Participant: 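Structure below; questions to follow.
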Amino acid sequence: MNVPDVMRAIDPAASGGPEVLVVSERPVPRPGEGEVLIRVAAAGVNRPDVLQRKGGYPPPPGAPSILGLEIAGEVVAVGEGVEPALIGQPVCALVAGGGYAEYCLAPAGQCLPVPDVLSMVEAAAIPETLFTVWTNLFERGFAAEGDTVLVHGGTSGIGTMAIALCKLFGVEIIVTAGSAGKCARALELGADHAIDYKAADFVDEVTRITGGRGVQVVLDMVGGDYLPRNLKCLAEDGRHVSIAVQRGAEATIPIFDIMRRRLTLTGSTLRPRDTGFKSMVADELARTVWPHVEAGRLKPVIDRTFPLACAAEAHARMEAGDHVGKIVLTI
């Protein structure tokens, strides 16, 4: 396919507020071994993008400085070792950076096909949250049919994906959110219970909801002083999975209580993991989750879309915290 030499991209020259997100021209990258070049139709906006823009989350070695961790579009070129038959195929992909652009490289193993039931906007809103929730809630947290889990940030991209996956796999889900309206929206999306953490103590509410038994898994993106409170929500042999530290990276925890109740504390970061790991996750998702996507049973919740040139407005909306589901840039 005819690929230009130059593209539009969001590649901030300096850290700062949303206003640093302006369109600039960058060379179109060329695929190396095992890579595909995707003409981007849409790119998901995620909180790590905001942290990177502020200067607090630099891209891993080898990743582009252009923002964006998930994309959907059409494969227009392939590198050595990649089947040429992929050219022309619609795909979505998890990437380590480079998504806020007209063209983006992706490891072929991290791509998933976009079925007819998904729009490109919907497809672009899936990879980051799906990979994150699957690897942390279901693999590290071992959530299984019949379990009850607690997920903070129930109306975020992570939270809404967790609700969707729990519905599919028979897991009861309790979420927290910051207003009665957001709690109502989480219930509409399929959460079994929603707690307004500004109006009630979530520990007391989880105790009430579970009849004092607690939950099998907590998926936490808050950190800080939430950690010891989360541990109070866990049942015996419960698992606590940390994926972000929005309220702080340190906490004081009751070690003997962890021993006595045989609790497990774990967590992970996805972006720095190597291509081999992410490709393995993509393969597992292709077998276990993607049939539900293809059947129309799993779709992301889209909050709002913005054109690439309005990336600053997209980040401002995310930071305001009023969104429900995913914010997506259209290219």
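Predicted model only: the values in this text are computed from it and were never measured. Just so you know, residue 1 is the first one in the sequence shown, and it goes up from there.
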Participant: Given the rule in the side-chain hydrogen bond (donor to acceptor under 3.5 Å, both in side chains) test, do Ser268 and Asn136 qualify, once you have shown the distances and angles that lead to the verdict?
Facilitator: CA-CA 7 Å; Ser268 73; Asn136 287 286; 2.6 Å; yes
Participant: Check Pro18 against Ala312 and note the closest heavy-atom contact, atom names and distance.
Facilitator: O-CB, 3.1 Å
Participant: Test question: given the 4.5 Å side-chain rule for I, L, V, M, F, W and Y, name all other residues clustered with Val245, or answer none.
Facilitator: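 So far as hydrophobic clustering goes, Val245 is joined with none.
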Participant: By side chain to side chain donor-acceptor pair (under 3.5 Å), which residues pair with Glu102, not counting sequence neighbours?
Facilitator: Arg8
Participant: Residues in side chain to side chain donor-acceptor pair (under 3.5 Å) with Asp11, at least two apart?
Facilitator: Arg26, Ser65
Participant: What's the verdict on side-chain hydrogen bond (donor to acceptor under 3.5 Å, both in side chains) for Arg304 and His323, showing C-alpha distance, side-chain angles and the deciding distance?
Facilitator: CA-CA 8 Å; Arg304 192 173 297 181; His323 62 289; over 6 Å; no
Participant: Please determine, by modelled atom types, if Asp49 and Tyr57 share a side-chain donor-acceptor pair under 3.5 angstrom.
Facilitator: no
Participant: State which residues pass side chain to side chain donor-acceptor pair (under 3.5 Å) with Arg229; sequence neighbours excluded, sorted by chain then number.
Facilitator: none
Participant: Nearest 0.5 Å please: distance from the CG atom of Asp196 over to the NZ atom of Lys182.
Facilitator: 10.5 Å
Participant: Using a strict cut-off of less than 4.0 Å between a Lys/Arg side-chain nitrogen and an Asp/Glu carboxylate oxygen, indicate whether Lys278 and Asp283 qualify as a salt bridge.
Facilitator: no
Participant: Give me each pair satisfying ring-ring contact (aromatic ring centres under 6.0 Å, His included) with a member in residues 8-41, each pair once, sequence neighbours excluded.
Facilitator: none
Participant: How would you list, by chain and number, every residue that makes a side chain to side chain donor-acceptor pair (under 3.5 Å) with Thr264, sequence neighbours excluded?
Facilitator: none
Participant: So, for His152 and Phe202, is the gap between ring centers shorter than 6.0 Å?
Facilitator: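 Ring centroids of His152 and Phe202 are less than 6.0 Å from each other.
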